[in-house]
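The structure appears right after this line, and notes come after that.
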There are 2 protein chains.
Amino acid sequence: MDLVVKHLMDHGIRPSVQRVAIMRYLMEHRTHPTVEDIYRDLHDEMPTLSKTTIYNTLSLLGEKDALSLLTIDSKNIHYDGDMSPHAHFLCRCCHRIFDVALPLGLDSDGMMPVGFSIEHSHVYYDGVCNMCSGKGQE
Amino acid sequence: MDLVVKHLMDHGIRPSVQRVAIMRYLMEHRTHPTVEDIYRDLHDEMPTLSKTTIYNTLSLLGEKDALSLLTIDSKNIHYDGDMSPHAHFLCRCCHRIFDVALPLGLDSDGMMPVGFSIEHSHVYYDGVCNMCSGKGQE
DNA sequence: TCACAAATTTGAATCCATTACAAAATTATA
DNA sequence: TATAATTTTGTAATGGATTCAAATTTGTGA
């Protein structure tokens with residue numbers, strides 16, 4: 001079975017054409033897109049796709065933990081289809097968001113006060129990326 | 001000299017009446033307020049204070065690293081006048097934001113790819129707080 | 001103290017991401 | 001095939017954030 005369809009069904013989501021297209025986009029593009037990005041890029045292959053559907057779908061996928069919301073950028077919500085543990089870096093020059101390794105020792109169960117239960121955790125950095133600093137490879 | 005005035009001047013910000021009032025509010029209220037919160041609460045003592053001034057001031061304070069922007073909540077930007085290192089926890093029930101200890105081992109300089117420089121880092125959790133879970137003290 | 005320049009504040013208008021909503025289309029069920 | 005349930009769609013509305021120019025306040029020098 002298609003990996004994207006399986007991913008949706010594993011999270012209790014009925015795999016409509018639109019939902020599969022949006023989830024596939026997220027899984028194949030590791031760019032942490034916004035709603036606008038998704039709409040623009042999917043418009044060619046699905047001219048009738050509406051923004052409301054994208055909002056609805058991303059909201060549903062988020063509730064079911066099939067994707068993760070990145071609030072790293074105060075201007076727009078970004079979405080990430082990769083649920084494996086990793087941190088994010090936002091470049092203040094080019095505004096791209098990069099995946100970076102999680103710092104070690106982040107298992108912080110012991111640090112939380114009694115009665116607090118963590119459902120999701122996010123580690124965000126901002127600064128300047130290797131391309132904007134001119135110090136990166138290439 | 002007043003601590004708030006000193007804080008502003010230490011960050012190269014001229015301490016106008018409005019700026020001092022807003023910075024003082026942030027330093028005295030550890031509630032991570034939004035623009036709306038600040039406006040509502042300062043309105044009594046400063047009826048002429050405009051929202052634009054609050055936006056301008058928070059933007060200036062942010063640029064000068066005199067406060068920190070919390071993007072933990074996708075609905076609104078929250079502001080924090082406490083620049084000491086700590087993490088944040090957003091309760092999905094009551095939507096309050098709590099200060100929590102930073103996990104150990106978060107010094108992640110070694111983890112970043114060559115050419116990436118970190119200017120700010122944030123650790124965000126969400127889940128259920130002690131009051132909403134009914135398992136807290138009191 | 002006064003006049004002028006610079007900085008700051010203000011409110012109205014605007015922008016734009018997100019949400020609400022109800023009709024239309026699609027899919028599931030009997 | 002008929003009916004119900006689900007999903008999609010476009011339009012309208014919402015509301016946080018920004019723009020902008022006028023008004024006010026503050027700083028500077030004579």
Side-chain angles (χ1 to χ4, degrees), chain A residues 4-5 8-9 11-25 32-64 66-79 90 95 97, chain B residues 2 4-5 8-9 11-26 32-64 66-79 90 95 97:
Chain A
V4 179
V5 173
L8 292 180
M9 295 180 71
H11 289 83
I13 297 166
R14 294 170 61 180
S16 73
V17 175
Q18 289 86 345
R19 289 170 179 173
V20 171
I22 293 167
M23 190 71 236
R24 187 184 310 285
Y25 181 87
H32 317 93
T34 63
V35 165
E36 197 60 36
D37 295 329
I38 298 170
Y39 182 74
R40 183 180 2 87
D41 290 353
L42 288 186
H43 201 260
D44 284 343
E45 55 186 89
M46 294 185 80
T48 64
L49 181 66
S50 82
K51 256 184 212 178
T52 302
T53 297
I54 299 176
Y55 278 106
N56 289 343
T57 299
L58 292 174
S59 163
L60 177 68
L61 292 167
E63 281 167 24
K64 303 283 190 179
L67 56 71
S68 110
L69 268 69
L70 306 189
T71 58
I72 191 171
D73 169 12
S74 63
K75 306 283 180 197
N76 294 96
I77 304 176
H78 294 256
Y79 296 87
L90 171 67
H95 300 107
I97 296 172
Chain B
D2 181 72
V4 179
V5 172
L8 293 180
M9 295 179 70
H11 289 83
I13 298 166
R14 295 170 61 182
S16 73
V17 175
Q18 290 84 348
R19 289 169 179 174
V20 172
I22 293 167
M23 190 70 236
R24 187 184 310 285
Y25 182 87
L26 281 169
H32 318 93
T34 63
V35 166
E36 197 59 36
D37 295 329
I38 298 170
Y39 182 73
R40 183 180 0 87
D41 290 352
L42 288 185
H43 201 260
D44 284 343
E45 54 185 271
M46 294 187 80
T48 64
L49 180 67
S50 81
K51 258 184 211 178
T52 303
T53 298
I54 300 178
Y55 279 107
N56 289 344
T57 299
L58 293 173
S59 163
L60 177 68
L61 292 166
E63 281 168 23
K64 303 284 189 177
L67 56 71
S68 111
L69 267 69
L70 306 188
T71 58
I72 190 171
D73 169 13
S74 64
K75 305 285 178 194
N76 294 95
I77 304 176
H78 294 256
Y79 296 88
L90 171 68
H95 301 107
I97 296 171

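To find a chain, count down the sequence lines: A is the first, B the second, and so on, and within it residues start at 1. Small disclaimer: the values here were computed from a predicted structure and weren't measured.
Between the CE atom of B/M46 and the P atom of C/dT9 there is a distance of 9 Å, rounded to whole Å. At whole-Å resolution of the value, CG in B/N56 and C1' in C/dT10 are 9 Å apart. In this structure, CD1 of A/I13 is placed 10 Å from P of D/dT7, rounded to the nearest angstrom. For the pair B/H78 NE2 and D/dA17 C1', the computed distance is 15 Å after rounding to whole Å. Put simply, CG on B/D37 is 11 Å from P on D/dG16, counting in whole angstrom units. Distance, A/L58 CG to C/dT18 P: 10 Å, rounded to whole Å. Between the CZ atom of B/R19 and the P atom of C/dT9 there is a distance of 5 Å, given to the nearest Å. When rounded to the nearest whole Å, the span between CD1 of A/I77 and P of D/dG15 equals 17 Å.
Looking at heavy atoms from C-beta onward, A/L49 lies in side-chain contact with A/Q18 at the 4.5 angstrom threshold. No side-chain heavy atom of A/I13 sits less than 4.5 Å from a side-chain heavy atom of A/M23.
Among all heavy-atom pairs drawn from A/P33 and A/Y25, the shortest one is CG-CE2, 3.7 Å.
Residue A/T53 has a polar side-chain atom (N or O) positioned under 4.0 Å from OP1 or OP2 of D/dT9. Taking 4.0 angstrom as the limit, A/Y55 places a side-chain polar atom (N or O) nearer than this to OP1 or OP2 of C/dT18. For the pair B/T48 and C/dT10, the criterion of a side-chain N or O lying under 4.0 Å from OP1 or OP2 is met. Phosphate proximity of D/dT25 to B/Q18: absent, as no side-chain N or O sits under 4.0 Å from OP1 or OP2. Close to C/dA6, at under 4.0 Å from its OP1 or OP2, lies no side-chain N or O of B/R14. Within the 4.0 Å cut-off from OP1 or OP2 of C/dT9, not a single side-chain nitrogen or oxygen of B/K51 is found. Of the side-chain N and O atoms in A/S16, none sit less than 4.0 angstrom from OP1 or OP2 of C/dT26.
Between B/T52 and A/N76, the residue anchored nearer the 5' end of DNA chain C, judged by the nucleotide with its closest heavy atom, is B/T52.
None of B/D37, B/T34, B/I54, B/V35 except one satisfies the side chain to side chain contact (heavy atoms under 4.5 Å, CB included) rule with B/Y79; the exception is B/V35.
Shown here is B/M46, whose CE atom has more than 12 heavy atoms of other residues, nucleotides or ligands within 6.0 Å.
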